[in-house]
There are 2 protein chains.
Amino acid sequence: MKISKNRKKNDHPGSAKQERYIQPSILMGLYLNPSYGYEIIRHIQNFGFVKGDAPPGMIYRHLRQLEEDGLVRSEWKTEGTGPAKRMYCITEEGNEVLSAWIGYMENQAEKLQNFIAMYRRLTK
Amino acid sequence: MKISKNRKKNDHPGSAKQERYIQPSILMGLYLNPSYGYEIIRHIQNFGFVKGDAPPGMIYRHLRQLEEDGLVRSEWKTEGTGPAKRMYCITEEGNEVLSAWIGYMENQAEKLQNFIAMYRRLTK
DNA sequence: TAAATATATATCCTTTAAGAATATATGTCA
DNA sequence: TGACATATATTCTTAAAGGATATATATTTA
């Protein structure tokens with residue numbers, strides 16, 4: 001696709017800073033298994049919304065917010081190899097929010113499909 | 001769902017400012033028919049991503065950006081009833097970007113479904 | 001006909017979340 | 001001991017949405 005000279009922002013759809021679904025991805029990860037920041041950074045790509053390692057700042061920022069909101073709980077773990085890790089697990093409230101996220105995401109997927117279907121009807 | 005005292009931001013999934021798909025909705029509207037800001041504000045809800053009227057500032061901001069990017073073209077229309085309207089139509093480049101948006105949205109819908117399926121496998 | 005309302009565009013400020021860079025500290029291993 | 005991997009944390013910038021308000025014209029109605 002030709003990129004016009006004047007088009008600086010939003011050069012291709014989805015390139016903007018939006019809707020990475022970081023929060024539900026972290027919650028899903030912790031729903032599967034307790035974990036910690038550095039591991040989440042590397043594994044969050046398995047949930048499909050992040051390519052490669054996540055920016056560390058993003059993950060730690062989210063984890064702190066999630067804990068402040070009571071959706072996860074953490075404790076330092078000094079045993080084991082390497083520097084101390086802050087181990088996180090999901091709370092009951094976290095489970096509820098994850099479930100709500102699933103509902104939202106189903107709704108969003110449906111809206112996307114309707115939009116796509118509308119477009120297809122016009123073009124065929 | 002219980003809302004904790006400390007949870008201020010992001011109280012419910014999707015409440016944040018993100019992924020409203022305003023740009024593709026405007027492009028789709030203009031793909032259907034040439035139109036103008038005030039009409040788009042009222043009709044954009046038909047595409048599913050905005051509830052009720054859109055905030056005017058948002059629409060006019062997008063229209064200006066789209067024109068600067070060469071995805072739409074406009075001209076003043078003084079005939080007809082009411083104050084003058086700035087009529088917009090989609091350009092060839094706009095069509096290409098809309099088509100790219102459709103591809104992105106298909107991809108996003110698929111990711112969402114994979115995520116949901118993963119969750120369902122865990123909970124059943 | 002004057003006031004109220006609807007139509008129409010435009011500008012500005014704030015909030016939210018992501019992106020990106022960098023700092024700091026500890027443990028491991030050649 | 002010096003390089004590298006592990007691990008967390010902080011800070012700055014950018015993108016996009018949300019929301020408020022300003023301005024002007026046309027139409028309706030009291």
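Each of A:Pro83 and A:Arg64 has a nearest nucleotide on DNA chain D; the 5'-most of these lies closest to A:Pro83.
In this model, no donor atom of one side chain and acceptor atom of the other lie less than 3.5 Å apart for B:Glu110 and B:Asn114. Between the side chains of A:Arg86 and A:Ser74, at least one donor N or O sits under 3.5 Å from an acceptor N or O.
Among the nucleotides C:dT9, D:dA9, C:dA18, the one closest to any side-chain atom of A:Met58 is C:dA18. In this structure, of C:dT28, C:dA10, D:dA9, it is C:dA10 that holds the atom nearest to the side chain of B:Trp76. Closest approach to the A:His62 side chain among C:dA18, C:dT9, D:dT8 is made by C:dA18 (side chain taken as heavy atoms from C-beta onward). Relative to the side chain of A:Tyr36, the nucleotides C:dT7, C:dT28, D:dT8 differ in distance, and D:dT8 lies closest.
Between the side chain of A:Thr91 and the backbone N or O of A:Gly70, at least one donor-acceptor pair lies under 3.5 Å.
Rounded to a whole Å, the NZ atom of A:Lys51 is 13 Å from the P atom of C:dA20. Distance A:Asp53 CG to C:dG19 P: 14 Å, rounded to the nearest Å. Atom OH in A:Tyr60 sits roughly 12 Å away from atom P in D:dT6 (whole-Å rounding).
For B:Arg61 against D:dG18, a side-chain-to-base donor-acceptor contact under 3.5 Å is present.
A salt bridge between B:Arg120 and A:Glu106 is present, with a side-chain N of the basic residue lying under 4.0 Å from a carboxylate O of the acidic one.
Taking only side-chain nitrogens and oxygens, A:Arg42 never comes nearer than 4.0 Å to OP1 or OP2 of D:dT6. Contact annotation: B:Thr81 does not reach the phosphate of C:dT7 (side-chain N/O to OP1 or OP2, under 4.0 Å).
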